[in-house]
Amino acid sequence: MGTALVYHEDMTAARLLWDDPECEIECPERLTTALERLQQHGLEQRCLRLIAREASEAELGLVHSPEYVALLRGTQALGTRELQALSKQYDAVYLHPSTFHCARLAAGATLQLVDAVLTGAVRNGLALVRPPGHHSQRAAANGFCVFNNVAIAAKHAQQKHGLHRILIVDWDVHHGQGIQYIFEDDPSVLYFSWHRYEHGHFWPCLRESDADAVGRGQGLGFTVNLPWNQVGMGNADYVAAFLHVLLPLAFEGGYHLESLSQSVCMMVRALLGDPALPLSGPMEPHSSALESLQCVRAAQAPHWVSLQQQGAAPVLSSGTRCPEGRPSPLPPGEPEFKAVVTQAAAALSSLLDQLRLHPIPAVRVAVTLTAPVTGLALPPGVLCEEGSLAQEEMQAWARPHEALAQDEALIALGKVLYLLDRILDGQVSSGLAATPVSAAAATLDVAVRYGLSHGAQRLLCVAVGKLDRPPDLTDDGRNLWLSIGGEEATAPSMFHVSVPLPVTTGGFLSCVLALVLPLAYSFQPHLVLVALGPAHGLRDPQAALLAALLRGPAGGRVFALVDEESTPQLATVLARVLNGEAPPSLGPFSMAAPEDTQALLYLRGRLEPTWKMLQAAAPPCVL
């Protein structure tokens with residue numbers, strides 16, 4: 001299975017036929033520029049190309065009224081003046097004789113992709129479509145959107161494929177109120193939108209775009225709005241939103257042609273399983289972002305156990321509401337808006353420049369084992385590495401550790417350090433190695449010191465099980481040691497944190513999302529070592545999820561160490577997630593144990609003053 005790209009050139013046919021500065025930004029070049037950029041970076045060639053089909057009128061009727069579909073069908077025969085008059089009945093919409101055909105293709109492309117993914121023909125994909133859809137409602141076009149492509153796709157997935165739970169993540173500068181209206185009383189669809197809000201002054205200027213709009217009826221808690229009330233949100237703000245709002249709930253494009261096309265490229269790279277580039281800039285969320293995040297968590301806490309257990313107080317700050325006399329922000333096209341978009345485009349361009357200067361390693365994942373393993377099913381393209389460090393150098397690194405004196409342990413160490421070298425010099429993206437149980441702690445100690453002395457400016461070690469931090473490891477800010485499975489929650493320093501292993505699925509997720517990942521993204525490591533030592537206690541899906549999520553903070557450079565007595569299934573699932581595949585399901589959600597919640601809250605309280613990414617989970621103040 002691969003990644004699909006769905007497109008049809010006919011979707012470029014509709015264009016503005018009269019002078020309207022508000023609507024001229026929705027142009028055919030939104031598609032052609034993105035496609036050209038995909039081709040320039042060799043990404044389109046790596047995808048399975050699907051040709052879009054038109055959605056049937058019955059499929060459109062899953063969301064839209066028959067009268068509205070008939071009205072749009074009739075626009076094919078209208079002249080320019082009639083189209084202009086009809087367009088004025090809607091907010092920020094223009095119609096063209098080809099609009100009906102284009103909009104049916106846009107919806108049909110999305111359905112075709114849903115079918116391909118849910119039948120197993122592809123792993124994932126991108127539908128490159130126009131016109132967009134998230135503003136359109138049951139009987140009204142809105143904000144350049146004619147048919148609500150995503151809502152139609154969700155209904156189609158439910159009816160044709162029998163899905164019972166669907167998550168829609170709406171990442172756009174504007175709130176997708178059309179999707180919200182369609183599903184606000186439906187508990188089978190969780191709708192998440194982050195959007196520029198400006199205390200209600202930014203289009204579409206709706207009260208129901210604020211944090212306390214959480215759905216209604218049976219759908220209470222299944223509408224999640226994260227309103228940004230300040231422009232210029234950066235990497236830290238979005239990472240905080242992922243960790244402290246979106247992912248906890250998930251587990252229980254703009255119109256600037258340059259930035260849009262670059263965003264599409266980065267999305268396709270992610271869908272293809274390529275490692276993400278490390279994030280730049282200080283990982284400290286803006287105060288405005290923290291306020292928005294805390295208000296969302298407070299509004300949603302009554303409906304989600306995971307937020308209650310992470311300390312989100314069920315009170316809502318009134319700070320997001322529109323204060324009297326606040327001046328409206330400048331509309332799109334004015335200097336402030338252009339400056340923000342230009343900054344975003346520059347940041348994306350910088351990421352793509354990094355890709356050109358630092359291409360993806362030829363080997364995405366390499367595995368080195370102490371001996372052949374029966375039942376190991378590695379995915380295609382994963383390299384079985386047999387190389388070893390030179391004997392003299394290997395012995396020098398092993399000399400301080402009695403546990404590495406045995407031949408078996410020494411041979412395994414040589415393989416570990418050789419593979420670590422290949423990751424550090426950019427030949428391999430990530431790796432997996434096995435070590436003898438008796439030498440697991442010593443091997444990890446050497447791997448940390450070797451990495452720090454061979455190019456890793458900052459190294460994060462996540463040690464699970466009986467793997468204590470070496471007492472003489474320098475606490476100089478270049479290494480962050482996080483132990484999972486300690487006897488008690490302790491933080492001897494900001495760079496040494498220990499937390500007991502949670503006993504439930506909910507506790508494990510809270511630990512990873514509210515502690516491990518905020519620390520990892522704040523530290524911005526160049527390399528992550530994930531060590532699963534003796535009696536580590538993780539189930540295979542938990543270990544896989546941990547390794548998969550830690551690919552992000554270090555740009556994919558994750559080296560997993562497991563003891564040789566681990567099952568072949570564990571090695572297989574770790575190799576797959578390091579190769580870009582999705583981790584297996586954790587199974588049913590279970591509440592965190594009280595002692596695990598208390599341990600998490602204690603550590604967060606100790607560490608929040610230093611690691612600002614943890615502050616997003618703090619309860620909001622009542623204004």
Side-chain angles (χ1 to χ4, degrees), residues 194 226 228 233-251 278-279 281-298 300-301 304 306-313 315 317 458 460-463 475 477 479-484 486 488-502 506-525 528 545-546 549-550 552-554 592 595-621:
W194 40 29
L226 175 50
W228 295 134
M233 295 302 168
N235 290 333
D237 305 300
Y238 282 100
V239 169
F242 271 117
L243 300 183
H244 297 298
V245 179
L246 177 56
L247 289 182
L249 305 191
F251 280 108
L279 299 176
M283 296 305 290
E284 181 174 344
H286 289 84
S287 58
S288 175
L290 289 175
E291 180 184 356
S292 294
L293 289 166
Q294 291 162 2
C295 288
V296 174
R297 287 168 56 84
Q300 296 292 338
W304 297 94
S306 58
L307 296 184
Q308 296 168 15
Q309 295 184 326
Q310 290 181 19
V315 294
S317 166
R458 289 185 301 278
L460 168 63
C461 177
V462 181
D475 197 358
N479 68 89
L480 171 59
W481 186 288
L482 179 57
S483 295
I484 302 178
E488 58 181 347
T490 60
S493 80
M494 64 179 288
F495 298 108
H496 179 197
V497 181
S498 178
V499 60
L501 177 66
F508 175 75
L509 285 173
S510 292
C511 177
V512 172
L513 299 179
L515 182 68
V516 176
L517 289 180
L519 291 175
Y521 277 103
S522 298
F523 186 60
Q524 296 180 285
V528 175
L545 179 65
L546 180 63
L549 291 175
L550 286 169
E595 59 269 25
D596 293 333
T597 299
Q598 289 303 313
L600 183 62
L601 293 175
Y602 167 76
L603 287 173
R604 281 224 320 262
R606 288 287 308 274
L607 298 167
E608 275 177 8
T610 304
W611 301 108
K612 306 299 184 183
M613 191 63 68
L614 292 168
Q615 294 180 355
C621 59

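For this chain, numbers begin at 1 and follow the sequence in order.
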What are the two closest non-hydrogen atoms of [X] and [Y], and how far apart are they?
X: F251; Y: L545; result: CZ-CD1, 3.6 Å
X: M233; Y: A289; result: SD-CB, 3.8 Å
X: P518; Y: V512; result: CD-O, 4.0 Å
X: L515; Y: L603; result: CD2-CD1, 3.9 Å
X: T597; Y: A592; result: OG1-CB, 3.7 Å

Atom pair OG (S306) and CD (Q300), whose distance is rounded to the nearest 0.5 Å: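 Going from the OG atom of S306 to the CD atom of Q300 covers 10.0 Å.
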
Main-chain N/O of F495 paired to D475 side chain as donor or acceptor, under 3.5 Å: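 Absent.
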
Donor-acceptor contact present, side-chain Q524 to main-chain L279, <3.5 Å: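 Answer holds: yes.
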
C511: side chain to side chain contact (heavy atoms under 4.5 Å, CB included) partners, not counting sequence neighbours: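 Here the qualifying residues are V499, P502, V516.
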
Mind listing the side-chain donor-acceptor pairs of residues 238-245 below 3.5 Å, one per line with the distance, residues two or more places apart or on another chain?
unit_1, atom_1, unit_2, atom_2, d
Y238, OH, W228, NE1, 3.3
H244, NE2, M613, O, 2.9

Result of checking V528, L519, N479 against L460 for side chain to side chain contact (heavy atoms under 4.5 Å, CB included):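 It is V528; the other options fail the test.
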
Pairwise side-chain contact, P248 with L307, heavy-atom cut-off 4.5 Å (strictly under):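 Counting from C-beta outward, P248 and L307 do come under 4.5 Å.
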
